[in-house]
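The structure under discussion appears below in the form of structure tokens.
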Protein chains: 2
Amino acid sequence: MNIYDISKQAGVSIATVSRVLNGSDKVSPSTREKVLQVIEQNSYTPNAFARSLGLNSMHTVGILCADSSDVYLASAIYYLERELRQNSYASMLCCTGYHLEEKKKYLQLLLSRNVDALFFAGSNFVEDTEKNNAYLFEAAGKVPVFILNGYLAGDRIYSVLCDDRLAVNEMTESLFRRGSHAPVYLYRSLSYSGRKKIAGFREACIKNGITDADKRIFASPVSVHETAAFLDALEKEGLSFDACVTSDDELAVGAVKFALSHGRRIPDEFQVTGYNNSLISTCSTPEITTVDNRVEFMCTTAVSLLMQALDGKNIPARTVFSGDIIQRETTNVF
Amino acid sequence: MNIYDISKQAGVSIATVSRVLNGSDKVSPSTREKVLQVIEQNSYTPNAFARSLGLNSMHTVGILCADSSDVYLASAIYYLERELRQNSYASMLCCTGYHLEEKKKYLQLLLSRNVDALFFAGSNFVEDTEKNNAYLFEAAGKVPVFILNGYLAGDRIYSVLCDDRLAVNEMTESLFRRGSHAPVYLYRSLSYSGRKKIAGFREACIKNGITDADKRIFASPVSVHETAAFLDALEKEGLSFDACVTSDDELAVGAVKFALSHGRRIPDEFQVTGYNNSLISTCSTPEITTVDNRVEFMCTTAVSLLMQALDGKNIPARTVFSGDIIQRETTNVF
DNA sequence: ATGAAAGCGCTAACAA
DNA sequence: TTGTTAGCGCTTTCAT
């Protein structure tokens with residue numbers, strides 16, 4: 001059943017059917033009624049591919065993320081998809097993992113579907129050399145590219161991000177004010193935001209007279225138990241620390257487990273801070289003080305920017321907003 | 001740049017270019033080489049819409065779920081997308097929420113993109129009346145439909161699910177063996193699997209001499225704190241209970257928080273069990289005994305079934321496998 | 001092995 | 001207001 005069948009049954013031309021389908025106002029009410037009836041009777045739906053071919057768009061965007069089962073990325077995807085859908089765009093999801101080659105490959109999968117725009121959720125997409133970012137520039141050559149939680153300057157590349165450096169800096173500063181003398185910092189990756197966070201921690205340390213700041217910054221293994229074991233090893237090696245600032249809530253859970261298993265009272269004897277304000281920060285007991293980096297806001301902003309861009313409007317290449325410290329039970333009350 | 005441009009530059013017909021593009025073996029090596037070179041030079045990529053129009057498929061499937069930020073559904077999406085991608089299918093994601101009308105509406109969004117198949121992740125899609133499932137039958141009229149964690153009999157509807165009734169039954173039985181005399185059951189929804197789980201709990205209770213089983217089954221509010229408060233209220237109302245079986249790990253976290261805040265020692269004085277074996281079951285301290293319902297296996301199986309179906313093979317309408325109890329710290333060692 | 005040409009089902013410019 | 005028709009860019013059948 002195609003537009004010709006409908007036009008025949010309704011006794012009109014395909015142009016008229018097309019007009020009805022697309023809500024044109026240049027159709028008489030009676031004709032419209034008749035056509036609509038035939039469409040209904042046959043439960044006809046226009047062929048998306050033919051339509052796309054004419055319009056050169058399927059009203060679909062691609063969302064790339066390293067791992068959609070990561071709590072933080074999962075929420076980003078949720079908000080992106082919701083906003084896009086509300087603007088009647090469909091979302092193609094693609095989980096790329098963390099390796100450059102895979103990212104490139106799966107980007108092609110999306111590009112080969114002729115999506116109207118691309119969202120890269122998570123700062124892990126911004127590599128540290130121009131050459132390794134070539135794939136992003138290439139993508140931006142075809143469609144507008146939005147980077148969430150990362151920044152890259154380039155034509156048709158739009159970044160929406162939280163000021164992670166500032167947030168971690170403030171969090172660390174607050175830890176000093178709350179009595180910490182020897183914090184350590186745990187991170188998972190050296191992505192764009194990963195590096196910013198580290199900078200924020202380091203600055204706060206230096207400002208507060210910690211001379212060996214760089215020796216207090218560690219890449220941690222990711223699973224909760226491994227993180228706890230990692231801190232355990234650190235302590236056994238002779239490093240003394242009374243607080244643990246982390247780059248995400250999962251690492252913070254590991255730090256809490258470390259403290260609990262060592263009989264270190266939280267927050268009196270040991271303070272912990274997370275990042276992302278994800279569900280797991282409240283699943284821990286004690287609940288974790290964390291940074292809300294406003295994923296929802298980030299996503300709605302990004303989609304709204306896209307809609308404006310598609311509307312031909314000029315949009316900012318970079319949108320940054322500040323995070324928010326959520327005080328819970330793993331840090332002292334000031 | 002289209003297939004005509006390439007054909008001109010290469011001095012061949014579009015048919016030949018098309019053959020090269022699709023890896024036909026009826027092209028001489030020299031011609032192939034020449035065409036490939038021109039394609040490379042112009043970094044030409046064929047238009048997906050035109051291609052789809054001819055083939056009537058874009059090699060894309062739709063994934064529907066209520067809420068992709070739910071840890072359990074997020075992992076299901078992750079595995080589905082991964083498997084599909086490995087079979088070079090792209091995934092369109094659509095989060096429908098829990099209301100029937102929205103489900104129907106967003107299903108249309110996907111169907112209007114002419115996807116090749118549909119995955120419904122989560123048993124909340126199977127409603128309890130034939131009429132309310134009409135949308136699923138309708139969808140199955142257009143493309144093969146896969147239901148994960150739910151069951152519905154119908155043409156071209158394929159269900160892949162864990163035996164939730166059995167798993168909860170065994171979990172509850174084990175609780176009795178581990179010294180519980182008065183368990184309660186907390187659930188979030190009465191979806192297909194929700195009802196099965198309840199049945200499993202009830203059966204175990206009856207078998208173990210609990211006469212008021214139905215009065216020990218409750219719909220709980222969802223957030224961790226609300227769940228804890230709910231149990232608190234239950235206790236204040238005079239209900240006595242020494243164990244809490246739940247329909248998912250989040251509820252279990254709430255139950256743990258309840259026990260912790262009431263000074264009830266886990267697991268000696270109070271036992272808790274979750275469901276899904278999600279990340280949050282290990283983020284809690286003590287860590288939660290839970291059921292692994294094998295999401296990954298479920299998803300890889302479902303995708304593999306789809307591939308076979310697209311291959312013209314006959315596949316089973318219903319695939320059920322058993323869950324696995326993961327013993328952790330919230331239940332006594334037998 | 002290669003090419004010509006007929007679709008695929010729609011949109012939109014142009015005519016009437 | 002309605003109809004005619006030329007694309008959109010590809011795949012594929014049928015000749016050669």
Side-chain angles (χ1 to χ4, degrees), chain A residues 1-39 42-60 88 90 108 111-116 142-143 310, chain B residues 1-39 42-60 88 90 108 111-116 142-143 310:
Chain A
M1 176 101 337
N2 61 28
I3 201 169
Y4 290 92
D5 300 322
I6 300 296
S7 77
K8 252 173 253 165
Q9 276 194 40
V12 297
S13 74
I14 59 162
T16 300
V17 177
S18 177
R19 289 192 189 97
V20 171
L21 245 22
N22 294 290
S24 159
D25 50 355
K26 294 172 192 324
V27 182
S28 80
S30 66
T31 315
R32 176 186 309 282
E33 196 48 48
K34 192 172 46 185
V35 172
L36 246 21
Q37 211 170 347
V38 176
I39 288 178
N42 295 279
S43 64
Y44 159 76
T45 43
N47 181 300
F49 304 137
R51 185 155 204 276
S52 308
L53 181 56
L55 299 172
N56 197 31
S57 158
M58 214 176 49
H59 242 59
T60 298
S88 66
Q108 290 310 317
L111 246 20
S112 77
R113 259 73 175 182
N114 287 35
V115 292
D116 295 320
K142 312 206 171 191
V143 292
L310 292 175
Chain B
M1 177 100 338
N2 61 29
I3 200 170
Y4 289 93
D5 300 322
I6 300 296
S7 77
K8 252 173 252 163
Q9 277 194 40
V12 297
S13 75
I14 60 163
T16 300
V17 177
S18 177
R19 289 193 188 98
V20 171
L21 246 22
N22 294 291
S24 159
D25 50 354
K26 294 171 192 323
V27 182
S28 78
S30 65
T31 315
R32 176 187 308 283
E33 197 47 49
K34 191 172 48 183
V35 172
L36 246 21
Q37 210 170 347
V38 176
I39 288 178
N42 296 278
S43 65
Y44 158 75
T45 42
N47 181 299
F49 304 137
R51 185 153 204 277
S52 309
L53 182 56
L55 299 171
N56 198 31
S57 158
M58 214 176 49
H59 243 59
T60 298
S88 66
Q108 290 311 318
L111 246 19
S112 78
R113 259 73 175 181
N114 287 35
V115 292
D116 295 320
K142 312 207 169 190
V143 293
L310 292 175

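Hydrogens, waters and symmetry mates are skipped; everything else that's a heavy atom, side chains included, is used. Residue numbering restarts at 1 for every chain, and letters A, B, ... go by the order of the sequence lines. It should be emphasised that the depicted structure is a prediction, and the values quoted were computed from it without experimental measurement.
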Using OP1 and OP2 only, check whether a side-chain N or O of [X] sits under 4.0 Å from [N].
X	N	value
A:Asn22	C:dT11	yes
B:Ser13	C:dA4	no
B:Arg51	D:dT11	yes
B:Ser28	C:dA1	no
A:Tyr4	D:dT5	no
A:Asn2	C:dC8	no
A:Thr31	D:dT1	no

- Query: With respect to A:Gln9, which candidate in A:Val38, A:Ile39, A:Val35 satisfies the side-chain contact (heavy atoms from CB on, under 4.5 Å) definition?
  - Reply: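 Between A:Gln9 and the candidates, side-chain contact (heavy atoms from CB on, under 4.5 Å) is satisfied uniquely by A:Val38.
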- Message: Rounded to whole Å, how long is the line connecting atom CG of B:Asp5 with atom C1' of D:dC10?
- Response: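 For the pair B:Asp5 CG and D:dC10 C1', the rounded distance is 13 Å.
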Can you tell which of [options] lies closest to the side chain of [X]?
X	options	value
B:Val12	D:dG9, D:dT12, C:dG3	C:dG3
B:Ile14	C:dT11, D:dT2, D:dT11	D:dT11
A:Arg19	D:dC10, C:dA13, C:dC10	C:dA13
B:Thr16	D:dC8, D:dT12, C:dT2	C:dT2

- Message: Pick the closest DNA chain D nucleotide for B:Ala15 and for B:Phe49 by heavy atoms, then say which residue is nearer the 5' end.
- Response: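 Its nucleotide being nearer the 5' end, the pick is B:Phe49.
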- Message: What contact category does A:Leu21 fall into here, base, sugar-phosphate, or nothing, at under 4.0 angstrom with non-hydrogen atoms?
- Response: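 Since no nucleic acid heavy atom lies under 4.0 Å of A:Leu21, the category is nothing.
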- Report the C-alpha distance between A:Thr31 and A:Thr16 in whole Å, list the side-chain angles of each, state the deciding distance to 0.1 Å, and finish with yes or no for side-chain contact (heavy atoms from CB on, under 4.5 Å). CA-CA 8 Å; A:Thr31 315; A:Thr16 300; 3.7 Å; yes
- Indicate whether the side chain of A:Asn22 and that of A:Arg51 have a donor and an acceptor atom separated by less than 3.5 Å.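 On atom types as modelled, these side chains qualify, holding a pair under 3.5 Å.
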